[in-house]
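Letters A, B, ... mirror the listed sequences (proteins, then strands); counts begin at 1. What's counted below: heavy atoms across the whole structure, side chains too, no hydrogens, waters or symmetry copies. Worth saying up front: this structure is predicted, and the values here are computed from it rather than measured.
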Protein chains: 2
Amino acid sequence: MKRDSRLSGVLHVLLHMAEVGTPMTSDALAKMMKTNPVVIRRVLAGLREHQLVCSEKGHGGGWKLCRELDTITLHDIYQALDEPTLLAMGNRTESPGCLVEEAVNNALNNAFAEAEALLLARFRTVTLAQLSADFHQRMQARGFSGTHEHSLFPADDAADAE
Amino acid sequence: MKRDSRLSGVLHVLLHMAEVGTPMTSDALAKMMKTNPVVIRRVLAGLREHQLVCSEKGHGGGWKLCRELDTITLHDIYQALDEPTLLAMGNRTESPGCLVEEAVNNALNNAFAEAEALLLARFRTVTLAQLSADFHQRMQARGFSGTHEHSLFPADDAADAE
DNA sequence: ACTTACGTAACAATAAAAGTTGCATAAGTC
DNA sequence: GACTTATGCAACTTTTATTGTTACGTAAGT
């Protein structure tokens, strides 16, 4: 089954936004994520409802974080994404008329609930600030070389690309 | 994201097979699961490779368990299903050229790996015998009434249906 | 005015899963 | 030995979810 990579993608986007500081356009972000600007807007619109990012129109507009990195947990972002399914497996029927299925559901639900709880608990303990710190450490470890697949300053990318 | 319910479905099928004792045709199983016989064969063919079920052709043929219930764990079945994805989320890229993404992947992988390990550990501790016992307990609790959505003896179903 | 950028709806393309058909093969029945 | 029942399997179709795309509207800055 295909995995949902929106959480991973959003984290990537938010951290880059944090690095850049100034507003980033959905066009620039789309290039970075190798996707379409409208897709970016769709996802970020959700985050805006939860006051994680702000958007501004017109010249010099774009998207930026509107909270401090250390106040945003992975769980906040998970919620802003509308709490997508965590587990790739589920029960065939939630309200079975069959006692066999009841027994099966019961066993699986126990296991599933534990795994979900564990994941959510983890999400609550990780902040964007921690991820950012980890990133900066990796930069150091590579001697600030900053050899990226894409630049932190997407204006440059746009100039180079095509 | 749509959840994969094959594990749930297979458990349902196997427990019914255990109850019935005699071989069950893919036709009968398909009716039970409200699906197509070929779909049933596809899934059970996988289980057969792992010696969990046997199939026989011709009159009186069909599918039956070929191991004792207490020797089959959920993990065995999970493996026989080709170890399908457990988590509905994943990383955007597994081998990022971007340090931001590396940091993101690292954080998520830690959480994901823990949750997967927990699920698999749970799968290893649950046997079909336990599920069967749970089922029989539920039967008792309902006074052996056996009010099911579908009969345990699908020959009756077939006669009634259509 | 003109350009830049988001906002949104509607539509198209892709991809994954499930269902379906058709025919071959094997096993038991008469 | 012809017939019926069943699985085995490949090819194809349908369905559904996601993602990408186009088009046009609105707001902000130049």
Open item on the list: For Glu102(B), give me all partners under salt bridge (charged side-chain N to carboxylate O under 4.0 Å, His left out), at least two apart in sequence or on another chain.
Closed with: Arg138(A), Arg142(A)
For atom [atom1] of [X] and atom [atom2] of [N], their distance in whole Å:
X: Asp4(B); N: dA17(D); atom1: CG; atom2: C1'; answer: 15 Å
X: Met89(A); N: dA17(C); atom1: CE; atom2: P; answer: 12 Å
X: Arg6(A); N: dT19(D); atom1: CZ; atom2: P; answer: 7 Å
X: Lys2(B); N: dA16(C); atom1: NZ; atom2: C1'; answer: 11 Å
X: Arg3(B); N: dT18(D); atom1: CZ; atom2: P; answer: 13 Å
X: Ile40(A); N: dA5(C); atom1: CD1; atom2: C1'; answer: 14 Å
X: Lys64(B); N: dT7(D); atom1: NZ; atom2: P; answer: 12 Å
X: Met33(B); N: dT20(C); atom1: CE; atom2: P; answer: 15 Å

Open item on the list: Ignoring hydrogens and geometry beyond distance, is a side-chain donor-acceptor pair present between Arg41(A) and Ser26(A) at under 3.5 Å?
Closed with: yes
TODO: Go through the side-chain N and O atoms of Ser55(A) and Arg48(A) and say whether any donor and acceptor fall under 3.5 Å apart.
DONE: yes
TODO: For Asn109(A) and Asn105(A), indicate whether the former's side chain and the latter's backbone hold a donor-acceptor pair under 3.5 Å.
DONE: yes
TODO: Take nucleotides 20-30 of chain D nucleotide by nucleotide from the 5' end and write B, S or -, depending on whether a protein heavy atom sits under 4.0 Å from the base, only from the sugar-phosphate, or from neither.
DONE: BBB---BBBBS
- [ ] Measure the acute angle between the ring planes of Phe123(A) and Phe112(B), then classify it against the limits of 30° and 60° as parallel, tilted or perpendicular.
- [x] perpendicular
Open item on the list: Test: salt bridge (Lys or Arg N to Asp or Glu O under 4.0 Å). Region: residues 78-90 of chain B. Which pairs qualify, not counting sequence neighbours?
Closed with: none
